Number of protein chains: 2
Amino acid sequence: MVSEKVARELPTLRQVAAAAGVSIKTASRALNGEAHVAPATSDRVKEAASALGYRRNLLARDLRAHAGADVVGMVIADAANPFYADIALAAGAVLGEQGLLLFIGVSDKDPASEERIISGFLERRVAGLLVVSSREDHPQLRSEAERGVPTVFLDRPARDLAVDEVLFDNLEGARAAVDHLLEQGHRRIGVIGDLGSLPTHHERIAGVRRALTEAGVPVREDLFVTDVHDADGAEAAMRGLLTLSAPPTAVFTTNNRMAVGALRAVSRRDDLPALIGFDDFELAEVLGMSVVSNSPAEMGERGARMLLERVRGGSGPSRRVRLATELVVRRSTVTPLERSGGDDRAAVTGRRSPDAPRPEPPVVRVRSGALSPPSRRGRGRRQP
Amino acid sequence: MVSEKVARELPTLRQVAAAAGVSIKTASRALNGEAHVAPATSDRVKEAASALGYRRNLLARDLRAHAGADVVGMVIADAANPFYADIALAAGAVLGEQGLLLFIGVSDKDPASEERIISGFLERRVAGLLVVSSREDHPQLRSEAERGVPTVFLDRPARDLAVDEVLFDNLEGARAAVDHLLEQGHRRIGVIGDLGSLPTHHERIAGVRRALTEAGVPVREDLFVTDVHDADGAEAAMRGLLTLSAPPTAVFTTNNRMAVGALRAVSRRDDLPALIGFDDFELAEVLGMSVVSNSPAEMGERGARMLLERVRGGSGPSRRVRLATELVVRRSTVTPLERSGGDDRAAVTGRRSPDAPRPEPPVVRVRSGALSPPSRRGRGRRQP
DNA sequence: TTGAAAGCGCTACCAT
DNA sequence: ATGGTAGCGCTTTCAA
């Protein structure tokens with residue numbers, strides 16, 4: 001009948017000290033492996049601690065030890081997108097090596113949620129922040145960032161903040177994709193893009209425009225569908241494009257969500273336009289989809305390293321890193337012109353009677369900004 | 001030349017109070033929206049706070065307010081697997097509605113890392129724990145769980161802990177998959193499975209065995225490849241199976257990682273075995289892959305709700321929930337017998353000249369454990 | 001090698 | 001409606 005809450009109280013250092021018959025300070029020293037403690041005493045304290053089920057209270061420690069916090073907080077927009085998950089994984093690995101813990105909050109693209117998460121981190125005095133922002137402005141971060149809470153923005157720049165950033169070379173990447181389509185002879189090129197408010201989107205669209213303009217090909221705005229929110233929206237957008245009287249002969253999708261939607265729309269159809277996307281994804285190779293490949297793992301790693309420098313006290317002006325992208329050509333953008341006749345449909349899980357396998361290695365070219373070693377290509381999955 | 005660290009100190013409540021010309025306690029009340037504060041006073045305090053860039057210190061608050069913590073910690077094994085990401089997203093949504101924040105730590109399948117993350121949460125006195133464990137035992141959690149830190153295990157049971165659990169009906173799901181293969185006339189059925197130490201794996205393999213045994217079909221252990229770690233391993237395993245003198249006519253992959261690997265191995269080959277996997281995945285429909293579908297979103301949601309009850313003080317014995325799975329039949333398991341001739345290869349991104357589209361709606365049957373409403377089917381993506 | 005006391009920033013309790 | 005004081009669990013002086 002005694003409240004079950006009682007059992008929920010964890011023992012304190014004081015209780016451990018009492019049980020071991022030493023002062024609280026000695027217990028503290030023993031448990032933290034500090035010097036100047038007799039081995040026998042230390043053992044006694046440790047035994048008492050584990051007997052009582054002691055677990056140090058980092059709230060108290062960090063409060064007292066000021067700053068402290070061996071935690072880095074990260075906000076990502078969409079956990080179900082492996083792209084962000086890979087960034088987080090790589091960042092966590094780097095941070096973990098340095099003894100820091102990475103805690104991730106998922107905003108699900110909701111600006112209000114992002115703000116709550118960041119506040120939660122800040123109010124708990126994390127050592128630093130890694131953010132993939134879904135917001136256009138960051139008023140709450142202004143004073144913090146200026147005050148010096150180390151912060152690194154990933155994938156999407158913070159227009160209103162002077163913080164370190166790691167971005168992809170979106171413009172060059174998109175331009176490379178469209179250049180490739182142009183080389184294949186396409187002139188009616190469509191685009192399926194996500195929220196127009198995203199800087200990444202802007203840059204990619206700018207790349208498309210530049211490629212077309214420089215090639216002297218008219219920019220067919222009527223074939224650009226933007227402000228698409230997710231894969232479902234992209235699927236609808238693609239269907240829409242296909243019903244036009246003069247549908248595009250090639251479509252560029254601005255990220256992996258858009259690509260998935262577009263793929264769904266063309267699944268099991270035969271009047272396919274050529275397809276190329278920004279962001280490599282796990283099954284792109286299986287599906288034979290050409291992409292502008294980038295390395296989320298590299299982004300996470302670089303971001304974490306930059307953050308570490310700041311956490312360690314590094315100062316100096318904010319930096320912006322642009323990571324190179326790479327064009328990976330697969331079957332989806334091989335035009336009839338280049339094909340030597342015959343059947344080169346993607347046969348994946350559809351079963352059929354025996355037939356000869358068909359080689360056709362992907363063509364790969366490196367493009368865009370420098371600053372990074374020639375990243376991995378092809379399969380497009382992290383390989384640590 | 002003054003240390004830049006100085007600027008990093010945030011103002012305290014005391015400073016805000018001083019600036020507003022009130023006592024520290026009044027400032028506290030005003031900032032927390034408590035009663036008994038004159039509106040004018042309250043405004044003055046709030047102004048002072050924002051002018052100084054005040055941000056409350058939750059370390060201090062939670063330390064004092066005891067327990068407290070409006071944070072739930074979650075550990076997942078693999079962020080890049082959308083399956084876990086979906087669980088986390090759904091759990092975060094439920095928790096967020098209730099005013100709790102979800103912080104996620106990624107263990108990357110490393111037991112030591114999992115332990116560090118859980119310790120990190122516990123030492124910061126989180127309100128509860130959601131864990132997808134990569135460990136076989138959980139000594140560090142024994143005393144905590146018994147002491148009453150609310151904990152819910154997801155997807156994988158905690159053999160050594162009496163905690164709430166939300167699991168899939170793995171055995172029935174796997175059995176349904178193999179029953180389906182058997183109905184299609186297959187007798188040489190192979191399996192590609194992940195780490196044998198995982199309870200999920202055991203249960204799924206048990207389901208395979210039961211289906212075969214009940215059908216009086218010999219269990220071909222030589223066609224079972226297990227302890228595969230990732231998609232790359234699965235790819236190799238699949239290649240291995242295909243080079244056998246008498247390769248399996250059908251292969252069951254025990255999770256989405258294994259499925260991806262298997263798909264890579266059979267990509268662009270024509271001598272494909274039938275393929276069915278456990279876990280639906282985003283592009284399964286596009287690829288025409290049959291699967292035993294489950295709902296990670298439902299798992300996350302149920303888990304979060306169970307945790308909430310405990311956090312709110314709910315007691316009682318630990319509960320185990322089994323979520324139903326569903327068989328989704330697509331092209332990859334349609335045998336020649338059933339096909340009405342003609343070409344039904346999966347044409348996805350391979351381009352070719354016009355031809356008639358081919359319908360072929362997925363056949364769907366519900367199977368296995370109850371407890372959940374007939375979940376979504378087909379596309380297999382969350383739709384909140 | 002060990003201990004006593006002060007205090008981190010906040011809230012709870014009791015005054016006024 | 002407002003303020004003082006004690007104290008959360010720990011670490012940091014400074015002594016012993």
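So you know, we letter chains A, B, ... as the sequences are listed, proteins then strands, and number each from 1. Computed from heavy atoms alone, side chains included, the values below leave out hydrogens, waters and symmetry copies. All values reported here derive from a predicted model rather than from experimental measurement.
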Send over the distance from B/L63 CG to C/dG7 C1', rounded to a whole Å.
12 Å
For the atom pair CG (A/D164) and CZ (A/F153), what is the distance rounded to the nearest 0.5 Å?
11.0 Å
Counting N and O atoms only, with roles assigned by atom type, does the side chain of A/D110 sit under 3.5 Å from a partner on the main chain of A/A112, one being a donor and the other an acceptor?
yes
Would you say D/dT11 has OP1 or OP2 under 4.0 Å from some side-chain N or O of A/S28?
yes
When you get a sec, tell me which of D/dT2, C/dT11, C/dG3 is the closest nucleotide to the side chain of A/T26?
C/dG3
Go nucleotide by nucleotide along DNA chain D from the 5' end; which of B/P39 and B/A60 gets its closest nucleotide reached first?
B/P39
Can a donor-acceptor pair be found between the side chains of B/S119 and B/Q140 at a distance below 3.5 Å?
yes
Whole-Å distance between C/dC8 C1' and A/L59 CG?
12 Å
Closest of D/dT11, C/dC10, D/dG3 to the B/I24 side chain is C/dC10
Separation of C/dA4 P from A/L13 CG (nearest whole Å)
14 Å
Between the base of D/dG3 and the side chain of B/R29, is one N or O donor paired with an acceptor at under 3.5 angstrom?
yes
Write down the distance between NE2 (B/H36) and P (D/dG3), rounded to a whole number of angstrom.
15 Å
Tell me the interatomic distance from A/E123, atom CD, to C/dG9, atom C1', rounded to whole angstroms.
13 Å
Please determine, for the side chain of B/R64, which listed nucleotide (D/dT11, D/dT2, C/dT11) has the closest atom?
C/dT11
Are any of B/T12's side-chain N or O atoms less than 4.0 Å away from OP1 or OP2 of C/dC8?
no
May I have the distance from B/L58 (atom CG) to C/dC10 (atom P), rounded to whole angstrom?
10 Å
Taking the side chain of B/K25 as heavy atoms from C-beta outward, which of D/dC10, C/dT1, D/dG4 is closest to it?
D/dG4
Counting heavy atoms from C-beta on, name the nucleotide in D/dT11, C/dC10, C/dT2 closest to the side chain of B/N57.
C/dC10
Would you say a side-chain N or O of A/N32 is under 4.0 Å from OP1 or OP2 of D/dT11?
yes
Ignoring hydrogens and angles, tell me if any N or O in the side chain of A/D160 forms a donor-acceptor pair with the backbone of A/H138 under 3.5 Å.
yes
Rounding to an integer number of Å, can you tell me how far A/E34 CD sits from D/dT12 P?
7 Å
Donor-acceptor check, side chain of A/R319 to backbone of A/V166, threshold 3.5 angstrom: yes or no?
no
To the nearest angstrom, how far is A/R14 atom CZ from D/dG9 atom P?
9 Å
